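What follows is a short report on a single structure.
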Amino acid sequence: MTNIILLGPPGCGKGTQSKILVEEKGFLQISTGDLLRRTADTKTSFGNEINNIMKKGDLVPDNVVIKMILDEITNNYGKNFIFDGFPRNLNQAEKLDEAFLEKKIKIDFVVLLDVKLDILEQRIEKRIKEAGNENVRQDDNINTLTKRVETYKSVTMPLVQYYTNQNKLTKINGMDSIESISKKINTIITN
Ligand code: AMP
């Protein structure tokens, strides 16, 4: 079994690389963003609450996200996981470690996709244009992006040290081409 975490700021290409790993290597992508958007789409009062938090670019409370993740892990036990957008802070990382320890599985690799902020803005603008009016993500606008990047810097970036201490982290230039990043990820996970 191989379990990977893709780490990096919003718009760095975690989703794109996750999908390649799903298609080419049979991983199961666990994206907390996708799970939360599905919950938001239910339009229940809980869904609306989640939607409001996401629209602002804030993080959804840990207890909600951690429960979602633990359910996914339990329901898909035995598969190779790729975590996309989780963990987002130290508490989430510790809870994931605890859950994995209990299930006698482990995180094998943490890949950091390193991207500069101005490049991120260009990517998000492109994503907004390409999605058209109907499919655009409600949190894909420059104001929300700025908030999401600030959140990334203050609460997610400490995970770089956390996983470096565990000897699991490899940093990749997230500004390289999709193909080149994908090749580098393949090299990491096959070594
Ligand atoms: P993403 O699709 O990963 O960019 O996430 C979109 C939004 O979902 C984020 O801006 C947060 O509001 C929420 N979200 C996703 N993952 C998490 C997480 N691990 N913890 C808290 N909130 C999250």
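Only heavy atoms go into these numbers, but all of them, side chains included; no hydrogens, no water, no symmetry mates. What you see is a predicted model; the values in this text were computed from it and never measured. Counting starts at 1 for both ligands and their atoms, following the listed order.
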_Counting only heavy atoms closer than 4.0 Å, does ligand 1 sit against the backbone of Leu59, its side chain, both, or neither?_
both
*asked:* Can you check which of Arg88, Lys55, Arg37, Met54 brings a heavy atom nearest to atom 2 (O) of ligand 1?
replied: Arg37
*Number the atoms of ligand 1 from 1 as they appear, then name those within less than 4.0 Å of a heavy atom of Gly85, with their elements.*
16 (N), 17 (C), 18 (C), 19 (N)
*Apply side-chain contact (heavy atoms from CB on, under 4.5 Å) to Ile69 and Ile30, showing your working.*
CA-CA 8 Å; Ile69 283 283; Ile30 304 186; 3.6 Å; yes
*Out of Val65, Asn63, Val155, Ile66, which one pairs with Asn91 under the side-chain contact (heavy atoms from CB on, under 4.5 Å) rule?*
Ile66
*Going by the order shown, which atoms of ligand 1 are within less than 4.0 Å of some heavy atom of Arg148?*
4 (O), 10 (O)
*Non-neighbouring partners of Asn52 that pass side-chain hydrogen bond (donor to acceptor under 3.5 Å, both in side chains), sequence neighbours left out*: none
*Can a donor-acceptor pair be found between the side chains of Asp97 and Gln166 at a distance below 3.5 Å?*
yes
*In ligand 1, which numbered atoms sit nearer than 4.0 Å to a non-hydrogen atom of Leu36?*
8 (O), 13 (C), 14 (N), 15 (C), 23 (C)
*Can you find an N/O atom of Asp84 closer than 3.5 Å to an N/O atom of ligand 1?*
no
*Using distance alone, with no hydrogens and no angle criterion, decide if Lys183 and Asn186 have a side-chain donor and acceptor under 3.5 Å apart.*
no
_When you measure from the heavy atoms of Lys14 to every atom of ligand 1, does any distance fall below 4.0 Å?_
no
*Taking N or O atoms only and a 3.5 Å limit, does Pro87 qualify as a polar contact for ligand 1?*
no
_For ligand 1 and Gln92, I'd like to know whether there is a polar contact (N/O to N/O, distance under 3.5 Å)._
yes
*Distance-only donor-acceptor check, side chains Asn89 and Asp62, under 3.5 Å*: yes
_For Val60, the ligand 1 atoms whose distance to one of its heavy atoms is below 4.0 Å_ = 21 (C), 22 (N)
*asked:* What verdict does the side-chain contact (heavy atoms from CB on, under 4.5 Å) test give for Asp108 and Ile189, after you've listed the backbone C-alpha separation in whole Å, the side-chain angles of each residue and the deciding distance to 0.1 Å?
replied: CA-CA 8 Å; Asp108 299 281; Ile189 65 178; over 6 Å; no
*Find all atoms of ligand 1 within a distance of less than 4.0 Å from any non-hydrogen atom belonging to Val65, and give their numbers and elements.*
18 (C), 19 (N), 20 (N), 21 (C)
*For ligand 1, which atoms have a heavy atom of Asp58 less than 4.0 angstrom away?*
11 (C), 12 (O)
*Pairs meeting criterion salt bridge (Lys or Arg N to Asp or Glu O under 4.0 Å) with involvement of residues 14-24, two or more places apart*: none
